[in-house]
Amino acid sequence: MRKKLVIGNWKMHGNLQQNEALLSAILRDIDGLAVGVAVCVPFPYLQQTANLLSGSVVAWGAQTLSEHPSGAYTGEVSASMLRDFGCRYVLVGHSERRALFGETDAAVAAKFRSAQVNGLVPVLCVGETLAERDAGRTLEVVRAQVNAVINLLGVEALASAVVAYEPVWAIGTGVTASPAQAQEVHAAIRDHIAGANCNVAQALPILYGGSVKAQNAAALFACKDIDGGLIGGAALVAEDFVAVCRAAA
Ligand code: 13P
């Protein structure tokens with residue numbers, strides 16, 4: 001049985017004061033839940049997050065990283081820097097990074113590698129646009145996104161990683177994939193990976209992301225191949241985030 005995992009992605013939100021209130025409230029209410037919980041915060045708040053969460057059951061991480069170990073890459077942040085701040089997770093290939101910052105499948109795979117080389121758990125985000133779904137290309141798109149990592153690193157790399165299926169049309173739109181729609185893609189991702197390594201596929205946590213709220217979380221998380229959620233908007237309000245975590249527990 002795979003343990004459920006809920007990761008909050010704050011995106012570019014927060015300030016020192018709000019973060020402290022949010023993290024304190026999450027810590028207060030999360031205790032004792034049988035679910036893995038983490039938050040991926042903006043870089044400048046990693047120290048604050050580490051201070052508030054260290055020794056707690058809530059892990060933390062970043063939202064992206066450089067594929068390079070160090071060097072003349074102004075503005076970039078390396079995996080070893082994230083390690084310095086106690087990060088456990090790092091998102092790679094979030095659809096906003098792919099769409100707004102030109103991250104290709106190859107770049108995402110290189111970031112994935114850099115995370116793992118430095119002991120971080122990469123959360124590989126995959127998902128189709130509405131146009132791709134309407135064209136019947138959903139499974140082809142997500143398989144290609146997963147293959148970029150498998151082709152570079154081998155399927156075994158997925159043994160210490162998380163995959164997040166986030167249909168682009170469901171992110172921040174209030175339109176959630178139905179449990180059946182999400183389950184179909186999660187199962188297809190797992191089947192695809194099982195074709196290369198059954199054990200890796202069975203153990204791999206595959207999270208769903210895209211307008212997950214307290215009201216729809218339980219039905220999504222009840223699906224066989226949905227192992228938790230990657231939460232945007234609802235991760236910014238403590239009671240909403242904790243309610244989603246409860247739905248996973
Ligand atoms: P929303 O939950 O706001 O739709 O965002 C999902 C997401 O992009 C998480 O990474």
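Bear in mind that the values here come from a model prediction, so they are computed numbers and not experimental data. Indexing begins at 1, ligand by ligand and atom by atom, following the structure's order. Side chains included, hydrogens not; waters and symmetry mates left out as well; all remaining heavy atoms used.
- Side-chain atoms of His94 and Glu166, non-hydrogen and from C-beta on, do get closer than 4.5 Å to each other.
- Of the candidates Gly232, Ser95, Gly174, Cys40, Gly232 brings a heavy atom nearest to atom 2 (O) of ligand 1.
- When only modelled atom types and interatomic distance are considered, Trp10 and Gln63 share no side-chain donor-acceptor pair under 3.5 Å.
- Under 4.0 Å from ligand 1, the heavy atoms of Ala170 that appear belong solely to its backbone.
- Counting heavy atoms under 4.0 Å from ligand 1, residue Leu230 touches it through both backbone and side chain.
- Numbered from 1 in the order shown, with element, the atoms of ligand 1 that lie under 4.0 Å from a heavy atom of Ser211 read 1 (P), 2 (O), 4 (O).
- Between Gly210 and ligand 1, not a single N/O pair is under 3.5 Å apart.
- When only non-hydrogen protein atoms are considered, atom 9 (C) of ligand 1 lies nearest to Glu166 OE2, 2.8 Å.
- At least one N or O atom of Gly233, backbone or side chain, sits closer than 3.5 Å to an N or O atom of ligand 1.
- No side-chain donor-acceptor contact under 3.5 Å links Gln18 and Tyr45.
- Side-chain contact between Pro179 and Cys223 is present, with heavy atoms from C-beta onward closer than 4.5 Å.
- Short contacts between ligand 1 and Asn9, defined as distances under 4.0 Å to a heavy atom of the residue, involve ligand atoms 9 (C), 10 (O).
- Between Lys213 and ligand 1 there is no heavy-atom distance shorter than 4.0 Å.
- The shortest N or O to N or O distance between Glu96 and ligand 1 is not under 3.5 Å.
- With hydrogens left out, the protein atom closest to atom 5 (O) of ligand 1 is Lys11 NZ, 3.3 Å, a heavy atom.
- In terms of polar-atom proximity, defined here as any N/O pair under 3.5 Å, Gly172 does make such a contact with ligand 1.
- Side-chain atoms of Pro122 and Lys111, non-hydrogen and from C-beta on, never get closer than 4.5 Å to each other.
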Chi angles and distances behind the side-chain contact (heavy atoms from CB on, under 4.5 Å) call for Leu5, Tyr89:
CA-CA 12 Å; Leu5 173 64; Tyr89 296 102; 3.8 Å; yes
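- Counting only heavy atoms from C-beta outward, the side chains of Val163 and Pro205 never approach each other to under 4.5 Å.
- Counting only heavy atoms from C-beta outward, the side chains of Ser160 and Gln116 approach each other to under 4.5 Å.
- An N or O contact shorter than 3.5 Å is missing between Thr173 and ligand 1 by distance.
- The existence of a salt bridge linking Arg98 and Glu103 is excluded, since no basic side-chain nitrogen approaches an acidic carboxylate oxygen closer than 4.0 Å.
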